[in-house]
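Heads up: the structure comes next, in structure tokens.
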Amino acid sequence: MTIQERKAIPVPQVEARTPVPRQNLRVPGPTPVPPDVLEAQAAPMINHRGPEFSAIMKRVTPRLEYFFQTRSRVLTYPASGTGGQECAVVNVFSPGDHVVSIIIGNFGTRLAKIAEAYGVKVSRIEFAWGEFADPAVVEARLKELAPYKGVMMTHNETSTGVTNDIQTLAALVRRLSPDALIVVDAVSSLSSLPLEMDPWDLDVVFTGSQKGWMIPPGIMMIAASERAWQAHKTSKMPRFYWDWSSTLKQLESSWQHPTTPPVSLFYALDVALDKMLDEGREAIFARHVRAGEYVRGRAQAMGLELLAKDARYASNTVTAIRAPEGIETKALLKKLHDQDQIVLADGQDHMKGKMFRIGHLGYFTDADLQQAMDAVERHLKELGYRA
Ligand SMILES: *Cc1c(COP(=O)(O)O)cnc(C)c1O
């Protein structure tokens, strides 16, 4: 290329900004944010190395630990949920370690892939989409696969609308391999569904702000047991940004972060935690149980088939529904979006176009869920569906 051909890059012509109408956002993350939490984010910027930011972290951290049910420190990172998966892997394992991955859907697969990307030898205990991780099957397979350094599992599989019985799975791992690290992806469950890190003896637990925490995407929260901190000390995985030691050191010395945190999101989290504690942990869980039962009940009354094969393990934060014969998910989602401002999620991976998902976690009312299900019923009829 000659000098003459190197032209300056012109100012790009972009589409005009149009305001987004009020939507009933029913995807399993990001989820709606309450008005007072949105407002909190409009506060002026502060120095992340100043006393004002430290005061926020001093309020936020113990309240996160309460929701995790742990006496370990909860660390926070500017990241999405996938960052939590990577952060867990690089802090406790080493290249060449043998780790078992219990997989019931897309996010379990992702966690296994991340571990493999870092040179971990992963053995998969895989279940078909819609199934839960059957403890009897897991136990038999774990016996064949021993020894292993850790076991990774998904609490709530957002791609299939299935919740695993983590308490039972963790107890059986602990019985078979007392020193194995139990790594739990709780991105779409922690805060909304019961999960007790210390009582259940879990070693690494992480979650993401945009699922059940009523704030926008951008904060990942993670905690490690004493056993996991010991593993961290000897782990040979290369890491810098995700390193727990530097994050903990900064938190303990100054209630701050080693790098610049998303300050405005912490304004939001501070207020969201006020609201969550006002409602109460048990009341939040109960609200999600009611939501799950309502959405599943409506789907079944319409003659629709849930992806979750066993009702006892159907998720109370997201419901996955198979598209009826001859109906394209895309057409249904488009009608809901264009005509009613209701936003649902498509299936992921091989289930794209074949199912749809309704998020009911974080901030929602009964009326939001009713409006969404009424509209699904109406549009399916228009598309020719007969139960
Ligand atoms: C959403 C989700 C993730 C990934 O989170 P991102 O924020 O999209 O990176 C991981 N695991 C589970 C269970 C999730 O629901």
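Whatever order the structure lists them in is the order used to number ligands and atoms, beginning at 1. Scope of the values below: all heavy atoms of this structure, side chains included, with no hydrogens, waters or symmetry mates.
Ligand 1 places these atoms under 4.0 Å from at least one heavy atom of Ser188: 13 (C), 15 (O). Within ligand 1, counting atoms from 1 as listed, the ones closer than 4.0 Å to a heavy atom of Thr158 are 12 (C), 13 (C), 14 (C), 15 (O). Close approach of ligand 1 to Ser80 (heavy-atom distance below 4.0 Å) involves ligand atoms 6 (P), 7 (O), 9 (O). Every atom of ligand 1 with a heavy atom of Arg110 under 4.0 Å away is listed here by number and element: 4 (C). Near Lys211, meaning under 4.0 Å from any of its heavy atoms, are these atoms of ligand 1: 1 (C), 2 (C), 3 (C), 14 (C), 15 (O). Near Gln210, the atoms of ligand 1 lying under 4.0 angstrom from a non-hydrogen atom of the residue are 6 (P), 7 (O). When each atom of ligand 1 is checked for a heavy atom of Asn156 under 4.0 Å away, the hits are 13 (C).
The shortest N or O to N or O distance between Thr82 and ligand 1 is below 3.5 Å. In terms of polar-atom proximity, defined here as any N/O pair under 3.5 Å, Gly83 makes no such contact with ligand 1. For Thr154, no nitrogen or oxygen atom sits less than 3.5 Å from a nitrogen or oxygen atom of ligand 1, counting backbone and side chain alike.
If you check the side chains of Thr365 and Asp368, you find a donor sitting under 3.5 Å from an acceptor. For the residue pair Tyr241 and Thr259, no side-chain donor N or O sits within less than 3.5 Å of a side-chain acceptor on the partner. Side-chain contact check for Ser123 and His98: at least one donor-acceptor pair (N or O, by modelled atom type) lies under 3.5 Å. In this structure, a donor-acceptor pair under 3.5 Å is present between the side chains of Gln256 and Ser54.
Of the protein's non-hydrogen atoms, the one nearest atom 11 (N) of ligand 1 is Asp185 OD2, 2.7 Å. The shortest contact between atom 10 (C) of ligand 1 and any protein heavy atom is with Phe107 CD2, 3.3 Å.
Nearest-heavy-atom check against atom 6 (P) of ligand 1 across Ser159, Gly81, Pro217, Gly359 picks out Gly81.
Look at His155 and you'll find every heavy atom at least 4.0 Å from all atoms of ligand 1.
The hydrophobic clustering, which links ILVMFWY residues whose side-chain heavy atoms are closer than 4.5 Å, places Tyr267 and Phe53 together. Placement of Phe206 and Leu361 in two distinct hydrophobic clusters is found when ILVMFWY residues are connected by side-chain heavy-atom separations under 4.5 Å, directly or transitively.
Tested against Glu65 for a side-chain contact (heavy atoms from CB on, under 4.5 Å), the candidates Arg71, Met197, Arg73 yield a single pass: Arg73. Each of Leu269, Val205, Val187, Val60 was evaluated against Met221; a single residue qualifies, Leu269, per the side-chain contact (heavy atoms from CB on, under 4.5 Å) test.
In this structure, Phe266 has its ring center at least 6.0 angstrom away from the ring center of His48.
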